[in-house]
2 protein chains.
Amino acid sequence: MQPANAYAAQCPTRLVLDRVADKWTVLVLGLLAEGPLRFNELRRRVEGVSQKMLSQTLKGLERDGLVTRRAYATVPVTVEYRATPLGHTLSATLDPLRIWAETYIAEVQAAQRRYDAVA
Amino acid sequence: MQPANAYAAQCPTRLVLDRVADKWTVLVLGLLAEGPLRFNELRRRVEGVSQKMLSQTLKGLERDGLVTRRAYATVPVTVEYRATPLGHTLSATLDPLRIWAETYIAEVQAAQRRYDAVA
DNA sequence: CAGCATCCGAGTTGATACTG
DNA sequence: CAGTATCAACTCGGATGCTG
């Protein structure tokens with residue numbers, strides 16, 4: 001295998017990138033990596049997500065083997081989501097990104113202001 | 001500052017996440033981190049990107065202070081893009097993600113096949 | 001070469017309403 | 001509680017044609 005040819009059209013990396021490349025995946029996975037959560041708990045914690053998007057995101061994560069869904073036969077139903085081991089490894093590699101964001105966000109915003117001031 | 005409350009609606013992290021959360025940003029930035037490139041060179045190297053999207057992506061990266069654009073008064077014009085120091089730090093924190101993708105893509109795809117087989 | 005402007009179809013998203 | 005269904009709004013992205 002070539003060393004990191006993520007630029008070719010069908011490189012698998014693209015698939016993962018596309019997966020991560022949505023507003024909610026990273027947030028949801030990060031939360032689940034801390035511990036199992038129920039649907040509406042997630043909904044509350046990830047501010048701004050609609051239940052449609054959350055539902056969709058969770059389904060995608062489940063399909064990719066990053067999260068598991070378990071339903072308990074209580075009344076009403078209880079559904080619990082948790083990160084798989086694979087999901088944990090991904091969440092862990094995403095941590096540096098979260099940290100980068102916190103570290104440099106001010107710089108980015110300053111750059112934006114500078115740019116917008118000119119334009 | 002709170003420790004990583006990326007789940008609040010206006011957390012700066014969201015901004016960065018949204019920035020990364022597009023098909024091309026990560027690819028383009030990764031390429032530019034290796035060295036300066038011209039517009040059409042980028043276009044060729046990032047397979048599948050249209051010039052509209054590339055243009056848009058570059059503008060966004062420039063606005064965020066991650067990439068600089070320099071035009072030379074040759075005929076025809078030569079434009080060179082390169083990653084800023086800030087851009088390099090982001091690209092570096094993205095590397096683990098690229099590696100994760102290469103490492104686990106097979107597992108993810110297997111999970112997808114399993115999931116799709118049931119549904 | 002390095003783009004911008006325009007048009008247009010396809011896919012995404014969000015509200016809202018309803019179900020087991 | 002944990003979703004699904006549906007519809008309308010919106011955005012995205014590609015194709016095409018043009019400019020300095």
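Quick note on labels: first sequence line is chain A, next is B, and so on, each numbered from 1.
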Can you check whether [X] has a side-chain N or O nearer than 4.0 Å to OP1 or OP2 of [N]?
X       : N      : result
B:Ser50 : D:dA15 : no
B:Lys59 : C:dC4  : yes
A:Arg38 : D:dC1  : no

Just how far, in rounded Å, is [atom2] of [N] from [atom1] of [X]?
X       : N      : atom1 : atom2 : result
B:Leu37 : C:dC1  : CG    : P     : 15 Å
B:Asp22 : D:dG13 : CG    : P     : 7 Å
B:Tyr81 : C:dA2  : OH    : C1'   : 7 Å
B:Met53 : D:dA15 : CE    : P     : 11 Å
B:Phe39 : C:dC4  : CZ    : C1'   : 10 Å
A:Leu58 : D:dA2  : CG    : P     : 11 Å
B:Asn40 : C:dA2  : CG    : P     : 5 Å
A:Arg43 : C:dG14 : CZ    : P     : 11 Å

Whether the A:Arg98 and B:Thr93 side chains hold a donor-acceptor pair (N or O, under 3.5 Å, no angle test) is what I'd like checked.
no

Closest approach to the side chain of A:Lys52, judged atom by atom: which nucleotide of D:dC1, D:dT6, C:dG3 is it?
D:dT6

Between A:Pro76 and B:Gln56, whichever has its closest DNA chain C nucleotide further toward 5' is B:Gln56

Both A:Val77 and A:Ser55 contact DNA chain D. Taking the nearest nucleotide for each, which residue is further toward the 5' end?
A:Val77

Given side chains that start at C-beta, do those of A:Leu32 and A:Leu58 come closer than 4.5 Å, heavy atoms only?
yes

Ignoring hydrogens and geometry beyond distance, is the side chain of A:Gln51 in donor-acceptor contact with the base of D:dT4 at under 3.5 Å?
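Looking at the base of D:dT4, it does pair with a donor or acceptor on the side chain of A:Gln51 (distance under 3.5 Å).
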
What closest approach, in Å, do B:Leu86 and B:Thr89 show between heavy atoms, and which atom pair accounts for it?
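Nearest pair, atom of B:Leu86 first, then B:Thr89: O-OG1, 2.7 Å.
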
Using the salt bridge (charged side-chain N to carboxylate O under 4.0 Å, His left out) criterion, which residues pair with B:Arg69? Sequence neighbours excluded.
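By the salt bridge (charged side-chain N to carboxylate O under 4.0 Å, His left out) rule, B:Arg69 matches no residue at all.
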
May I ask you to say what A:Lys23 touches in the nucleic acid, namely base, sugar-phosphate or nothing, with a heavy-atom cut-off under 4.0 Å?
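No contact.
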
Just wondering, more than 12 heavy atoms not from A:Arg43 lying within 6.0 Å of its CZ?
yes

